[in-house]
Amino acid sequence: IWNRSIPSPGAERTFDPAMWSYLARRLIQVPLVLIVVSLMTFLITRATPGDPVQIMLGMQTSPEAEAPLRAEFNLDRPLPVQYVLWVAKVATGDLGRSIRLNKRITEMLAERLPISLQLAAAGMLFALLVSIPLGVMAALRRNSWIDYLCTGYTVLGFAVPNFGLALILIYVFAIKLDWLPITGIGTADSEAGLWSYVSPFIIPAVALGTLQTAILTRLLRSSMIDVLSQDYIRTARAKGLLPATVVIVHAMKNAMIPFVTMATVQLGYMIGIQVTIEYIFAVPGMGSAVLNAVVNRDFPVIQGFTLVIAVFFLLANIVA
């Protein structure tokens with residue numbers, strides 16, 4: 001211990017080579033995972049029943065009228081050729097064009113992606129604000145009524161689906177109490193004030209973030225219990241430090257490591273599970289666009305949006 005060299009405060013710090021090696025391996029895995037995701041998405045969209053051209057033009061349309069549209073979207077070619085042509089376009093940054101809306105996927109992403117990111121951030125903010133105090137209190141009051149109350153809340157968070165919770169919140173806070181609006185995300189006027197912008201996010205954020213609250217609360221509780229039993233925590237208490245200092249400065253610093261990792265992963269995961277929430281609250285985000293594309297068999301929208309969601313999930317994993 002005494003021979004350990006201590007760098008001076010002004011010494012330059014560099015990353016461990018193992019960190020750069022790990023980062024390089026993860027970045028190499030990204031295109032491989034995206035290839036698998038793109039192939040699976042392509043095959044699943046083609047395997048499910050329904051013809052996008054017939055849905056768009058009608059079942060009574062003649063083959064001669066359908067032929068130009070099929071040729072425009074390469075639907076008249078063999079499946080391997082369709083996949084190769086789509087991947088070649090994606091490699092150049094072109095995600096294609098919607099069959100139903102005749103609109104470029106990149107334009108749709110530019111309109112809808114920021115709204116989905118805002119909703120996911122609002123849901124994660126709610127999860128963090130609730131899970132951190134609940135997890136810490138449950139760990140500090142282990143096997144007490146506070147612990148049982150916090151863990152009981154997490155059980156409800158796991159058990160109640162987000163769409164069911166959304167309907168309950170709408171009935172209580174929007175219909176009965178008339179405190180919060182049901183819709184309005186993505187349409188609020190910035191000049192109308194901060195509350196008009198924030199209020200439409202509250203119910204969807206609670207419905208979306210409750211499951212993450214349950215996950216993060218249980219993780220932080222178990223991590224805090226493990227840290228509070230360590231020798232350095234007993235030493236800090238023996239030195240006469242204030243209980244708040246022991247918990248906040250010494251215990252939470254280490255207990256938050258797995259918590260931050262899981263929260264980052266869950267943020268990427270939330271972008272892909274917003275379909276029902278966006279549909280219920282009429283949010284013009286990525287989830288509602290994917291749902292409409294599935295109903296109308298709009299292959300380019302399904303493939304392009306799924307690929308973008310996969311990219312965000314992979315980036316969240318790397319950051320975590």
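This one's a predicted model, so the numbers in the text were calculated from it and none came from an experiment. What's counted below: heavy atoms across the whole structure, side chains too, no hydrogens, waters or symmetry copies.
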Notebook entry, point to check: Ile248: which other cluster members, linking ILVMFWY side chains closer than 4.5 Å, directly or transitively?
Noted result: none
Notebook entry, point to check: In terms of side-chain heavy atoms, does Arg297 have a donor or acceptor partner in Thr45 at a distance below 3.5 Å?
Noted result: no
Notebook entry, point to check: Is there a path of hydrophobic side-chain contacts, each under 4.5 Å between heavy atoms of I, L, V, M, F, W or Y residues, that connects Val90 with Val33?
Noted result: yes
Check: Would you say the side-chain atoms of Ser21 pair up with the backbone N or O of Pro17, donor to acceptor, closer than 3.5 Å?
Finding: no
Check: For Arg234, does the CZ atom sit with more than 12 other heavy atoms under 6.0 Å from it, leaving out its own atoms?
Finding: yes
Check: Is a salt bridge present between Glu107 and Arg112, judged by a nitrogen-to-oxygen distance below 4.0 Å?
Finding: no
Notebook entry, point to check: Are Ile225 and Met256 connected, step by step, through hydrophobic side chains (Ile, Leu, Val, Met, Phe, Trp, Tyr) whose heavy atoms are closer than 4.5 Å?
Noted result: no
Next item on the list: Apply side-chain contact (heavy atoms from CB on, under 4.5 Å) to Ala251 and list each qualifying residue two or more places apart in sequence or on a separate chain.
Entry: Met224, Val227, Leu228, Ile233
Notebook entry, point to check: Between Trp179 and Phe173, how do the two ring planes meet: parallel, tilted or perpendicular, split at 30° and 60°?
Noted result: tilted
Next item on the list: Check the pair Leu95 / Val308 against side-chain contact (heavy atoms from CB on, under 4.5 Å), numbers first and verdict last.
Entry: CA-CA 10 Å; Leu95 296 177; Val308 172; 4.1 Å; yes
Next item on the list: Grab the two heavy atoms, one from Pro300 and one from Phe73, that are nearest each other, plus how far apart they are.
Entry: CG-CD2, 4.4 Å
Note to self: Would Met108 and Ser98 count as a side-chain contact (heavy atoms from CB on, under 4.5 Å) here? Give the steps.
What the structure shows: CA-CA 9 Å; Met108 297 177 63; Ser98 170; 4.1 Å; yes
Next item on the list: Give the other cluster members for Ile44, using side-chain heavy-atom distances under 4.5 Å between Ile, Leu, Val, Met, Phe, Trp and Tyr residues; answer none if it is isolated.
Entry: none
Check: In this structure, are over 12 heavy atoms from other groups packed under 6.0 Å from Arg141 atom CZ?
Finding: no
Item checked: Counterpart residues, side-chain contact (heavy atoms from CB on, under 4.5 Å), relative to Leu85 (two or more places apart) -> Asn74, Arg77, Val81
Margin query: So which atom in Ile99 and which in Phe299 form the shortest heavy-atom distance, rounded to 0.1 Å?
Written below: CD1-N, 4.3 Å
Check: Does one side chain, of Glu278 or Ser116, offer a donor that lies under 3.5 Å from an acceptor on the other?
Finding: yes
Notebook entry, point to check: Do Ser223 and Pro258 touch side chain to side chain, with heavy atoms closer than 4.5 Å?
Noted result: yes
Notebook entry, point to check: So, do Tyr83 and Leu43 sit near enough that their side-chain heavy atoms are less than 4.5 Å apart?
Noted result: no
Next item on the list: Apply side-chain contact (heavy atoms from CB on, under 4.5 Å) to Gln212 and Leu128, showing your working.
Entry: CA-CA 9 Å; Gln212 280 64 39; Leu128 294 177; over 6 Å; no
Item checked: Flag if over 12 foreign heavy atoms under 6.0 Å of OH, Tyr269 -> no
Next item on the list: Using a 4.5 Å cut-off on heavy atoms from C-beta on, say whether the side chain of Thr210 contacts that of Phe126.
Entry: yes
Checklist line | Close side-chain approach of Val136 and Leu220, heavy atoms under 4.5 Å | finding: yes
Margin query: Minimum heavy-atom separation for Pro204 and Ile277, please, with both atom names.
Written below: CB-CG2, 4.0 Å
Notebook entry, point to check: Can you list the other members of the hydrophobic cluster that holds Leu125, where links are side-chain heavy atoms under 4.5 angstrom apart?
Noted result: Leu129
Check: Between Ile215 and Ser131, is any pair of side-chain heavy atoms under 4.5 Å apart?
Finding: no
Note to self: Ignoring hydrogens and geometry beyond distance, is a side-chain donor-acceptor pair present between Tyr279 and Gln274 at under 3.5 Å?
What the structure shows: no
Check: Are the side chains of Glu111 and Lys103 in touch, meaning some heavy atoms are under 4.5 Å apart?
Finding: yes
Margin query: Looking only at the side chains, is there a donor atom on one of Arg221 and Thr217 sitting less than 3.5 Å from an acceptor on the other?
Written below: no
Notebook entry, point to check: So, do Val294 and Ile302 sit near enough that their side-chain heavy atoms are less than 4.5 Å apart?
Noted result: yes
Check: With a cut-off of 6.0 Å (strictly less than), are more than 12 heavy atoms of other residues, nucleotides or ligands near OH of Tyr171?
Finding: no
Notebook entry, point to check: Where is the tightest heavy-atom contact between Val265 and Phe313, given as atom of each residue plus distance?
Noted result: O-CE1, 4.1 Å
Checklist line | side-chain contact (heavy atoms from CB on, under 4.5 Å) between Val311 and Leu34, worked out | finding: CA-CA 7 Å; Val311 169; Leu34 291 179; 3.7 Å; yes
Note to self: Side-chain heavy atoms under 4.5 Å apart, restricted to Ile/Leu/Val/Met/Phe/Trp/Tyr: what other residues fall into the cluster of Val155, or is it alone?
What the structure shows: none
Notebook entry, point to check: Does the side chain of Thr235 reach to within under 4.5 Å of the side chain of Lys239, using non-hydrogen atoms?
Noted result: yes
Check: What are the two closest non-hydrogen atoms of Leu180 and Ile203, and how far apart are they?
Finding: CD1-CG1, 3.6 Å
Notebook entry, point to check: Which pair of heavy atoms, one from Leu75 and one from Arg46, lies closest together, and at what distance?
Noted result: CD2-NH2, 4.1 Å
